[in-house]
Amino acid sequence: MDTAVGTGPTTREENVRLNNAEFEQRKTALESTPRLVTLGTHNSCNAKCIFCLEGRYDRFSLQIYKDFFEARMGRYIKNAEKVTFTGFGEILWVPGIEEFLDYINETLPETWKIFTTNATPLRPSVTSRILKGKYVIQASVHASYAELHEQQTRLEGQFDEVVGNLVKLADLRDEKDLGQRVHIELVNVLNTKNIHDLPDFLKFAWKLRAQSVRCSYMTMFAPEHIELSCFFEQERANGFVREAQRVAELLEKGAFALPRPKAFSYSLPPLFNKEEAPAPAGSDLCYDPWQHVYVELQGSVLPCCMWGEHVGNLKQGQELDDIWNGAFYRGLREGMASGKPHPWCGACLRYRGYNVNNVYTHLTNRPRQQAVMLKEILKRGLDAGPYFRPDDVERLWNSEAS
């Protein structure tokens, strides 16, 4: 190993600057720790989203945060620009969440604290603490009207509550002029049941005064997800994405006579295009190998949320320093920098937009489950597209990683 993490900067600001610089220099071994840290802080969930992969894990708590996350990777958390609290379930319904928010407001005052939530827990005791800190609230809503919201999330009769909670948070944010410290982002997981709503969803977000909207295609984890994937309804999906783009441009021009929010940005998925040629090797890059790590409360370590298998485990005697500059991460960086990324990176939509045409981009990267999904797609006589490799089914099924 040609350098040891921990010999670099000691403050968050210095670490973020160095991490950005080491990314720009495409260094293989880093002195900095990642500027982006994601923590898998699992909990039970009151929603049962139709596209979600459920899991059974220990439930997050302030004590787990102190005893595991802070104890085993406290320097990584302290030196990060952004720390995301996510995972399976609804973290903001954890018993005693107010005490946890008080704690991170005190210990991470200038760190962006990002929470993924379905917005049902945004009650006064939670929002009052959000307003005291520096937060991104990623609200997973997935629909602009009640019937579709209930279909997507199976939260019966709670759409008005979700909207009311988000409006109240936006009201308090604006009243206190906290737009630079409290950011509301609406997240929409697009599938065949809600893609038609995409243009109206942008108007919905605009009216709610969300500062940003992020829309992406769902990932297939189980056979029942196949019929939900826009990969198999590409022309229909393209039509609604194009219409959403048109609506966004009209919103910017004031065509709908809606009050203009102080800030608004949006991200839509790329259009499907079977004729689109791959970009030249080395023309695209993902920053995650240099700037991100994801650690779950059960100890598992991954380079990103889309990764298919664990690359280390802090509850099995490993140290995060050794993983961050170990053979896997160094190889991941070298491959990405040289234009020869790991196959999972090479098929990722974040790496190259044209990957939207690749069926592997729409599948879980868990090898055995990916084989199950491919078998089912073929069984149903569906077109797996030009990037499908028939020999992958047997190879993935027999993979040691399964």
Side-chain angles (χ1 to χ4, degrees), residues 38 40 42 49 51-57 86-88 189 191 216-232 278 284 286 288-289 292-316 318 323-324 326-336 339-352 354-402:
T38 298
H42 310 306
C49 295
F51 44 78
C52 189
L53 174 68
E54 293 187 81
R56 294 183 178 274
Y57 300 97
T86 187
F88 293 100
V189 177
N191 56 81
S216 56
Y217 290 127
M218 61 161 279
T219 298
M220 292 179 276
F221 295 100
E224 56 265 30
H225 292 159
I226 292 174
E227 65 183 28
L228 298 175
S229 176
C230 290
F231 181 81
F232 301 108
D284 299 278
C286 177
D288 275 355
H292 181 248
V293 69
Y294 177 24
V295 181
E296 299 180 288
L297 60 79
Q298 64 267 35
S300 47
V301 180
L302 304 97
C304 74
C305 297
M306 300 301 296
W307 204 257
E309 59 189 31
H310 303 156
V311 301
N313 195 303
L314 302 189
K315 290 188 176 180
Q316 295 179 358
Q318 293 179 285
I323 298 170
W324 180 241
F328 170 80
Y329 255 105
R330 286 185 286 121
L332 196 65
R333 294 170 190 137
E334 183 177 356
M336 182 67 69
K340 299 176 181 178
H342 187 285
W344 290 346
C345 297
C348 180
L349 193 59
R350 286 185 56 190
Y351 175 60
R352 289 175 178 165
Y354 75 82
N355 278 334
V356 71
N357 304 314
N358 189 335
V359 69
Y360 296 89
T361 300
H362 301 265
L363 293 173
T364 173
N365 277 322
R366 299 180 180 186
R368 178 62 68 90
Q369 194 59 24
Q370 197 174 83
V372 169
M373 299 298 294
L374 290 171
K375 283 183 177 181
E376 183 64 23
I377 289 169
L378 295 176
K379 179 182 176 181
R380 297 187 188 188
L382 298 171
D383 182 5
Y387 295 94
F388 170 62
R389 301 176 295 269
D391 60 338
D392 272 355
V393 176
E394 183 176 359
R395 180 185 63 80
L396 290 165
W397 183 259
N398 295 322
S399 171
E400 294 181 1
S402 65

Please report the interatomic distance [atom1]([X]) to [atom2]([Y]), rounded to the nearest 0.5 Å.
X: L382; Y: S229; atom1: CG; atom2: OG; value: 9.5 Å
X: L363; Y: I226; atom1: CG; atom2: CD1; value: 8.0 Å
X: L374; Y: M220; atom1: CG; atom2: CE; value: 8.5 Å
X: F231; Y: D383; atom1: CZ; atom2: CG; value: 6.5 Å
X: Q370; Y: F221; atom1: CD; atom2: CZ; value: 11.5 Å
X: Q318; Y: I323; atom1: CD; atom2: CD1; value: 4.5 Å

For a quick test of reading the model, state the closest non-hydrogen atom pair linking [X] to [Y] and the distance between them.
X: N313; Y: S300; value: ND2-N, 3.6 Å
X: L332; Y: P303; value: CD2-CB, 3.9 Å
X: G87; Y: Y294; value: CA-OH, 4.1 Å
X: F88; Y: H42; value: N-ND1, 2.9 Å
X: C348; Y: N355; value: O-ND2, 2.7 Å
X: P289; Y: C286; value: CD-O, 3.3 Å

Non-hydrogen side-chain atoms of [X] and [Y] separated by less than 4.5 Å:
X: L302; Y: E296; result: yes
X: C345; Y: K340; result: no
X: E309; Y: N365; result: no
X: V293; Y: Y329; result: yes

> Do the charged groups of R380 and E376 touch, with an N to O distance under 4.0 Å?
Replying inline: yes
>> Can you tell me which residue among T361, V359, N358 is in a side-chain contact (heavy atoms from CB on, under 4.5 Å) with Y387?
In response: N358
> Parallel, tilted or perpendicular: which describes the rings of W344 and H342, with under 30° parallel and over 60° perpendicular?
Replying inline: tilted
> Given the rule in the side-chain contact (heavy atoms from CB on, under 4.5 Å) test, do I377 and F388 qualify, once you have shown the distances and angles that lead to the verdict?
Replying inline: CA-CA 11 Å; I377 289 169; F388 170 62; over 6 Å; no
